[in-house]
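Comments concern the structure below.
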Protein chains: 2
Amino acid sequence: MDANKKKQAGKSGACNLLPLSRYEGTLAVRTYLSLKDAILSLAYEPGEILRKREICDVLGVSRSPVSEAIAKLSAEGLVDVVPKAGTFVSRFSMDEIREGAFLREALELAAVEQVANIITGEQVAMLRQNLKQQEEMIAAQDFAGFYDKDAELHDLIMSFTGFRRIGQMAQSSWVQVNRARHFNLPTPGRIQETIEEHKKIVDAIAARDPEKARKVTRDHLRQLIKYLEPLETKRPDLFEAPSTK
Amino acid sequence: MDANKKKQAGKSGACNLLPLSRYEGTLAVRTYLSLKDAILSLAYEPGEILRKREICDVLGVSRSPVSEAIAKLSAEGLVDVVPKAGTFVSRFSMDEIREGAFLREALELAAVEQVANIITGEQVAMLRQNLKQQEEMIAAQDFAGFYDKDAELHDLIMSFTGFRRIGQMAQSSWVQVNRARHFNLPTPGRIQETIEEHKKIVDAIAARDPEKARKVTRDHLRQLIKYLEPLETKRPDLFEAPSTK
DNA sequence: CTCCGCAATCTAACATGTTAGTATGATAAT
DNA sequence: ATTATCATACTAACATGTTAGATTGCGGAG
């Protein structure tokens, strides 16, 4: 009868942490990846507190690697550290989502513009191969697979710039948008539109037309944010309290 | 006569560390800032090892905040951590410098394009005020002051997007370029050219001409990298060894 | 019922002890 | 002289102890 000490067992995100054996690298890196997956998959809900002690127990590590992991998450904006009080999974903020979309657009437009000027035939083939796979995924009703291929297409294009950090930078800009996207119900017909847009992008790049590539890429990227805007009113609980003065 | 134990006293970067009292925030943050200043000002030379113990002694803190600071520097690419061996100030890499310039350009072009569409009269006045101060600095032969105002102009423009992280993101993209810039001897006449380019940028923004603003900003940013290219052959010691297979 | 203070209990931040992998330099073998 | 071996002295990585600020919840005063 000592269970009444706690009002509710209320599974605290931490119990959904994936074991570190699924990752590789130092304990700190693996802890970071595990926590990040948990936050992005929303096992930890926005606003929820991260209990270091609990995390240590669940993952079987000491506080050092956990602290290092939290520091990284904080730098990425996935958690908010309140000094001497606690660490909380950051809530959504439409301002941040818009900024993330803006930054991603800036990077990706620069990338397609550059790539359209320097792409090789072999690389074009890789892009077309990816498009084909996207259609196969849809035909097989494998939507998760489709999203993977979608992400892969964007990554491919950015990697063709020859720069390595740009993809990771776009990724981290995009993190908030991606997290929010999980809450959006799939709009019927949107997937087919998406494929059409992807084709236009690849065509413009293959035609070595940087201006056209910029335009169609911009049109494509701006679709998502449009679909995301209504989320703020539909799920206000996920968002930061509007500054209550 | 026990001084011969060490081949050379060789002041090890660490002795040029600025005291933490010059900064604010947690010890970890202040340690990070102090180390970053030391690296950017080249008190620590590229390739030099960071001795944790020494840093602890000089700054009067324990290893925890120093470790956290080094983790941040590592994430920014200013130091390379070799597991179980040591932490070294990263050498220059022309590839990284080019990538930094590319990323910076991507962000700044997106910024001026956006700002040219939404700028207010008041904000234009701030930009013109800055231009005026730049000319005053030159007239007074205050080159450091000029560079501050230069940076301020770029920051101002980016802040007018209404986004907060973009400035800091551009900053971190730019870090390698900035560090390398210290080694470039000032080219006569370049400063006057720079002012002219700044004027063109502000004019295009004030004229609310996004395309023109993109063009002149791009022209401006590409000057610097042009001046930087020769550094690799002039000071090969500062650069990574070209992969020796 | 509301507001205020106070103490128990959280937390991050900091300090320090421990472990294990890596480089280095002297010495021995060739 | 050159290479191989091995002990020593580094280091990052990890574990754990300590400190001080913030929150929370309870009880009492108004």
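Remember, it's a predicted structure, so these values are computed and weren't measured experimentally.
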Seminar exercise, completed: Per-helix bend value, the helix from C/dC1-D/dG30 to C/dT30-D/dA1, C1' rotation axes over five pairs per end, 10° rounding, shows 10°

Would you give me the side-chain donor-acceptor pairs under 3.5 Å for residues 158-169 of chain A, sequence neighbours excluded?
residue, atom, partner, partner atom, Å
A/Ser159, OG, A/Leu156, O, 2.7
A/Thr161, OG1, A/Met158, O, 2.6
A/Thr161, OG1, A/Phe163, N, 3.1

Donor-acceptor pairs under 3.5 Å, side chain of residues 100-113 of chain A to any protein atom, not counting sequence neighbours: which ones?
residue, atom, partner, partner atom, Å
A/Arg104, NE, A/Glu108, OE1, 2.5
A/Arg104, NH2, A/Glu108, OE1, 3.2
A/Glu105, OE1, A/Arg222, NE, 3.0
A/Glu105, OE2, A/Arg218, NE, 3.2
A/Glu105, OE2, A/Arg222, NH2, 2.9
A/Glu108, OE2, A/His154, ND1, 2.3
A/Glu113, OE1, B/Arg218, NH2, 3.3
A/Glu113, OE2, B/Arg218, NH1, 3.4
A/Glu113, OE2, B/Arg218, NH2, 3.4

Problem set entry | Side-chain N or O of A/Ser64 closer than 4.0 Å to phosphate OP1/OP2 of D/dC14 | no

Exercise. With A/Leu42, which residues qualify under side chain to side chain contact (heavy atoms under 4.5 Å, CB included), at least two apart?
Worked result: A/Pro46, A/Arg179, A/His182, A/Phe183

For this session: Report the residues that fulfil salt bridge (charged side-chain N to carboxylate O under 4.0 Å, His left out) with A/Asp148, sequence neighbours left out, ordered by chain and then residue number.
Result: none

Problem set entry | All pairs passing salt bridge (Lys or Arg N to Asp or Glu O under 4.0 Å) where residues 58-79 of chain B contributes a residue, at least two apart | B/Lys36-B/Glu76

Seminar exercise, completed: Rounded to whole Å, CZ of B/Phe88 lies from C1' of C/dT22 at a distance of 10 Å

Seminar exercise, completed: Residues at least two apart in sequence or cross-chain that pass side chain to side chain contact (heavy atoms under 4.5 Å, CB included) with B/Tyr227, listed by chain then number, are B/Asn184, B/Thr187, B/Arg190, B/Glu193, B/Gln223

Exercise. Judged by modelled atom types alone, do A/Asn16 and A/Tyr44 share a side-chain donor-acceptor pair under 3.5 Å?
Worked result: no

Seminar exercise, completed: In B/S/- notation (B base, S sugar-phosphate only, - none; protein heavy atoms under 4.0 Å), nucleotides 7-13 of chain D written 5' to 3' is ----BBS

For this session: Can you run down the side chain to side chain donor-acceptor pair (under 3.5 Å) pairs that involve residues 49-58 of chain A, sequence neighbours left out, and say none if there aren't any?
Result: A/Ser12-A/Glu54, A/Lys52-A/Ser67

